Amino acid sequence: MRPLAVLGAGSWGTAVAILLAHNGHRSLLWGRDAAQLEQIAKTRRNAAYLGTVALPAGITPCADLDSVLRQARDLFIAVPSAAFPAFVAGLRGRLRPDARLVSLTKGLELETADTLDSVVARCLGDTIEQAVVSGPTFAREVARGLPTAVTVAARPAAFAETVAGWLHGVQLRAYTSDDLLGVELGGALKNVLAIAVGIADGLGMGANARAALITRGLAELSRLYHAAGARTETLMGLSGLGDLVLTCTDDQSRNRRLGLALGRGSTLEMALDEIGQAVEGATTARSVMRLAQRYAVELPICEWVHRVLYEGVAAREAVAQLLAREPKAEAATFGL
């Protein structure tokens, strides 16, 4: 069989490579750190990200990106969102003519607030087949074979069926969607909302506040979906509500842990250093403000997260400002 390639040897990229191998597919696992890949090949573990989880025999670590691109038609991209545009642009002229891309990254382009499928089309041409995988998926649980489900959206839509077939198996159920925009937006914005919930929990505001923030965060997502032309049913699916609940409520979430640290008094720099991995919501919080302006949509929770992260507003003060907003009818805020 022609191998699949996973570009990005962090926790999520490695977990997907493990999943593909368990489903009977050969995969090439590429990362920027040649020493890390050599160690993975030697120990059959990605200890830095996944601890003692063993890599199946079907995974071949490979530090030579051009060799991977020659061998594999289908490429799963699992690099942080901040690095995604430059990485994809660097693939121009190096891909096979029939190459297809599958994004595992959740975020937006920082400078433009464009969704990542738009970045791919801009960098590699709008005829390239591409898909997005999103849903409630902590990498360690997927790597350990614990059950979950994802949504796969693609352009063209038929490619979603192909990708879902690779991922679907005993441990993972894959659903398909043709709402690429909605799947991308849900995967990006839930990270910002998870920071907000983490801040509230770090401040000790309790379970009531947590539930209220998740619900009102869902309302913000709904308004944005409506304005941008995404579908509300996508929001209520795995890439929207499912991923939002997961990321906001479990401490495996790096975004939630960042919020917890901020609520307990850490600076942004201290919290990021302690987490030691990319925290997508910290980058996306800046892009979301551009989306709010583009679509003239109120996103107050996302806005106060941005103020805490980048405008020097204290977490407790930001929460006070949020609560001080004038009351309004709940149904009118969903943009339906």
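This structure is a prediction, so every number in the text was calculated from the model and none was measured.
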Closest heavy-atom contact between Leu37 and Cys62? CD1-O, 3.5 Å

Distance-minimising heavy-atom pair for Ala131 and Val163: CB-CG2, 4.0 Å

Sequence neighbours excluded, which residues qualify as ring-ring contact (aromatic ring centres under 6.0 Å, His included) partners of Trp30? Phe87

So, the side chain of [X] versus the backbone of [Y]: is there a donor-acceptor pair under 3.5 Å, distance only?
{"X": "Arg96", "Y": "Arg70", "answer": "yes"}
{"X": "Ser266", "Y": "Leu262", "answer": "no"}
{"X": "Asp243", "Y": "Gly186", "answer": "no"}
{"X": "Asp179", "Y": "Arg231", "answer": "yes"}
{"X": "Asn191", "Y": "Glu280", "answer": "no"}

Can you give the donor-acceptor pairs under 3.5 Å from side chains of residues 310-318 to other protein atoms, not counting sequence neighbours?
| residue | atom | partner | partner atom | Å |
| --- | --- | --- | --- | --- |
| Tyr310 | OH | Ala282 | O | 2.4 |
| Glu311 | OE2 | His306 | ND1 | 3.1 |
| Glu317 | OE2 | Gln321 | NE2 | 3.2 |

Taking only Lys NZ, Arg NE, NH1 and NH2, and the carboxylate oxygens of Asp or Glu, determine whether [X] and [Y] approach each other closer than 4.0 Å.
{"X": "Asp250", "Y": "Arg256", "answer": "no"}
{"X": "Arg307", "Y": "Glu303", "answer": "yes"}
{"X": "Asp74", "Y": "Arg2", "answer": "no"}

Please check if atom CG in Asn208 has more than 12 non-hydrogen atoms from other residues, nucleotides or ligands closer than 6.0 Å. no

Tell me, yes or no, whether the heavy-atom count around Glu233 atom CD, taken from other residues, nucleotides or ligands under 6.0 Å, exceeds 12. yes

